[in-house]
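The structure appears below as structure tokens.
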Number of protein chains: 2
Amino acid sequence: MLYGEERKQLIQNYIEKHQRASVLQLCDAFNVSESTIRRDLKELEQDHVIKRTHGGAIALESVNFEPTVTEKSDRFLAEKQAIAKRAASYIQEGDTILIDAGTTTLPLVYEIKQFQSLTVVTNSVVHAELLKDSPQFEVIVPGGRLRHETQALVGPITDQTLSILHVDKAFIGTNGIDLEDGLTTPNLIEASTKQLMVQQASDAIVLADHSKFDKITFAKFADLSMIHHLITDDRVDDWYQTELDQIGVKLDIVKLQED
Amino acid sequence: MLYGEERKQLIQNYIEKHQRASVLQLCDAFNVSESTIRRDLKELEQDHVIKRTHGGAIALESVNFEPTVTEKSDRFLAEKQAIAKRAASYIQEGDTILIDAGTTTLPLVYEIKQFQSLTVVTNSVVHAELLKDSPQFEVIVPGGRLRHETQALVGPITDQTLSILHVDKAFIGTNGIDLEDGLTTPNLIEASTKQLMVQQASDAIVLADHSKFDKITFAKFADLSMIHHLITDDRVDDWYQTELDQIGVKLDIVKLQED
DNA sequence: TTGTTTATGATTGTATTTGACTGATTTTGA
DNA sequence: TCAAAATCAGTCAAATACAATCATAAACAA
């Protein structure tokens, strides 16, 4: 016969391994009543170890992931993953890189884990948290105020720190791309931070799926001519290629079908 | 016939080997009363050697395991939760608080979510990530280099940012507490950051379970007299109360039984 | 020796764990 | 949308385990 603590430990292990478990399943497994299982799950939830659901419980990670990357980004996840993969090919072992906050750059965090040695600067608490178990990387966070809308660190503290750093490559997200009005983002303070990111990089690389083109969203953070590479997907208009070529921006179009 | 200490040692060995033992089992094995076994188990638990359960005791964790900060099931979670709860009672609506990185302060993040308006400074990417969905808080991260061992942001960037901030209350963790040698932590750079935290707070509050007492761990970051409150659990020696009183530190002992 | 401390065991009232039961809530499917 | 089914929270009682207390006896100190 098991002690309650042992049972709870095993339930936790099971859920962490299988991501989910039902009350009845656990009843059967441990030969105890539903009441007991519910009490166990309640306590495990209070310990922030699992998340209860109607009928059972699920692991915590799976909840963390879904809501953060939310809304339409799910629809474009494949595009963003493909773009991130291409972006990772720009990186060389030993590089010092900067990864902007945002859902577009998030898949890049997973892509870079193949490298053995990088210095990674990121102003996203989510990105930084994902890198906490990668001791092969030197991870620098430029601090600042947490914008809850984008989980980015922004503001004067961020800018001041960024201004004393220089990186080989900066991977930057954007909300709007327009030939005339350049790169724009909805928030003024965030624009200031992005502007600095572009300035402090030898190679400013913008990651943007096709939906960002021909959009202007309030605050400009860079002229198109100030960036060096623009990685996007193959649903972007062809004529951008030549237009961007003329102002010295290399447009890198990722083919979604292949890959 | 065995001495008490011998019996305790054998109980500990047995549990470490078999992962579990019941009170009656041990009674039988050592030919002593239940009272005696319970007393032994109580002491072994206080030494953080085993975990008691109703009916017996279990090992703390499977042997091959090196506890990391990310460990969901922290060894002494209950103590830390109780301490965090008490710590939260020091906070007032509207306060500017600082929360140090570390497992002891982590439960405090959950406790503060009851408040409507706080400014929270934290040098932990894990803590910050947990606060990203609490828009009622102004969250400031003082940046820095990510120490993978503790998930804390440390180093010159951290220190420089902290030096221009001032908080009402700072909740700080520690690895060692000693009357003569003060508060210590194993890492020199982290000590520097903690030192600043103490300095920049109107009210420096140290959170530490009893196991931290009478320990010295390399790098000192503060004299005991420099902190204002020390929250711990009721397994700490009584005489600390009077000793700390003399140097102006208020010792706040959380009763674990009463929750 | 004689008084004191310490370890232990017996006793008693209290706490905890668990499963059954009840009514409330949520989900599901027509 | 509504009603049935499933799931849940809350309460209760029984069994077990517990803490607290006191008494005893051995070990210790004066």
Side-chain angles (χ1 to χ4, degrees), chain A residues 1-12 14-15 18-60 62-63 66-67, chain B residues 1-15 18-59 73 76-79 81-82 210 233-239 253-259:
Chain A
M1 196 55 187
L2 290 168
Y3 296 128
E5 287 297 327
E6 291 178 292
R7 194 181 48 241
K8 275 170 58 179
Q9 184 62 53
L10 289 171
I11 291 174
Q12 176 182 344
Y14 181 89
I15 292 179
H18 295 82
Q19 296 294 302
R20 54 183 276 110
S22 76
V23 171
L24 293 174
Q25 218 176 339
L26 295 169
C27 280
D28 200 48
F30 295 105
N31 263 307
V32 291
S33 70
E34 295 181 30
S35 300
T36 302
I37 293 297
R38 291 208 180 88
R39 272 187 282 254
D40 288 343
L41 295 180
K42 189 176 174 183
E43 285 165 28
L44 286 170
E45 181 172 50
Q46 280 170 3
D47 291 348
H48 309 291
V49 163
I50 60 161
K51 167 136 186 81
R52 284 190 76 185
T53 63
H54 210 85
I58 56 174
L60 273 187
S62 54
V63 272
E66 291 174 41
Chain B
M1 196 56 187
L2 291 169
Y3 294 126
E5 286 301 322
E6 292 178 290
R7 192 181 50 241
K8 273 170 62 179
Q9 186 59 55
L10 289 173
I11 292 174
Q12 175 181 344
N13 291 347
Y14 181 89
I15 292 178
H18 295 83
Q19 297 290 304
R20 69 198 306 273
S22 77
V23 171
L24 294 174
Q25 219 175 335
L26 295 169
C27 280
D28 203 46
F30 295 104
N31 264 305
V32 290
S33 69
E34 295 182 29
S35 299
T36 301
I37 293 298
R38 291 209 178 90
R39 271 188 281 256
D40 288 344
L41 295 181
K42 188 175 175 183
E43 286 164 28
L44 287 170
E45 181 173 51
Q46 283 173 14
D47 291 347
H48 289 165
V49 165
I50 60 162
K51 176 162 178 62
R52 284 188 78 186
T53 65
H54 264 241
I58 56 177
S73 59
F76 319 122
L77 193 63
E79 285 172 10
Q81 277 178 342
H210 68 277
D233 61 76
D234 56 0
R235 302 268 175 265
V236 79
D237 265 338
D238 275 341
W239 65 275
I253 299 176
V254 180
K255 292 254 185 320
L256 291 175
Q257 281 79 355
E258 295 172 8
D259 209 21

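Treat the numbers as computed from the prediction; the structure is a model and nothing was measured. Just so we're on the same page: letters track the sequence lines, and every chain starts at 1.
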What distance do [X] atom [atom1] and [Y] atom [atom2] have between them, rounded to the nearest 0.5 Å?
X	Y	atom1	atom2	value
A/Ile37	A/Gln25	CD1	CD	10.5 Å
B/Leu41	B/Ile50	CG	CD1	4.5 Å
A/Ser35	A/Asp40	OG	CG	10.5 Å

ask   = Listed by chain and number, what are the side-chain contact (heavy atoms from CB on, under 4.5 Å) partners of B/Gln46, not counting sequence neighbours?
value = B/Lys42, B/Arg235
request  = Note down the inter-axis angle between the two ends of the helix from C/dT1-D/dA30 to C/dA30-D/dT1, five pairs each, to the nearest 10°.
outcome  = 40°
query = Taking all atoms of both residues into account, what is the closest heavy-atom pair of A/Lys8 and A/Leu44, and its distance?
reply = O-CD1, 3.8 Å
request  = Establish, with yes or no, whether the OP1 or OP2 oxygen of C/dT18 is under 4.0 angstrom from a side-chain nitrogen or oxygen of A/Arg7.
outcome  = yes
message = Using the salt bridge (Lys or Arg N to Asp or Glu O under 4.0 Å) criterion, which residues pair with B/Glu6? Sequence neighbours excluded.
response = none
Counterpart residues, salt bridge (Lys or Arg N to Asp or Glu O under 4.0 Å), relative to B/Arg52 (two or more places apart) = none
Each nucleotide N or O in nucleotides 25-30 of chain C that has a protein N or O under 3.5 Å away: list the pair and distance.
none

key: Interface with DNA chain C, restricted to residues 32-40 of chain A and to heavy atoms under 4.0 Å   = A/Val32, A/Ser33, A/Ser35, A/Thr36, A/Arg39
Results of side chain to side chain donor-acceptor pair (under 3.5 Å) for [X] - residues two or more places apart only:
X	answer
A/Glu34	A/Arg38
A/Glu45	none
B/Thr53	none
B/Asn13	B/Gln9

task = Round to a whole Å and report the spacing from NZ of B/Lys8 to P of C/dT8.
result = 10 Å
ask   = Is there side-chain contact between A/Thr36 and A/Phe30, with heavy atoms separated by less than 4.5 Å?
value = no
query = Contact class for B/Thr53 vs. all strands (heavy atom < 4.0 Å): base, sugar-phosphate, or nothing?
reply = sugar-phosphate
note = ring-ring contact (aromatic ring centres under 6.0 Å, His included) filter on A/Tyr14, not counting sequence neighbours, yields A/His18
ask   = Reading DNA chain D 5' to 3', which nucleotide is the first, and which the last, to come under 4.0 Å of any heavy atom in chain B?
value = D/dA17 to D/dA19
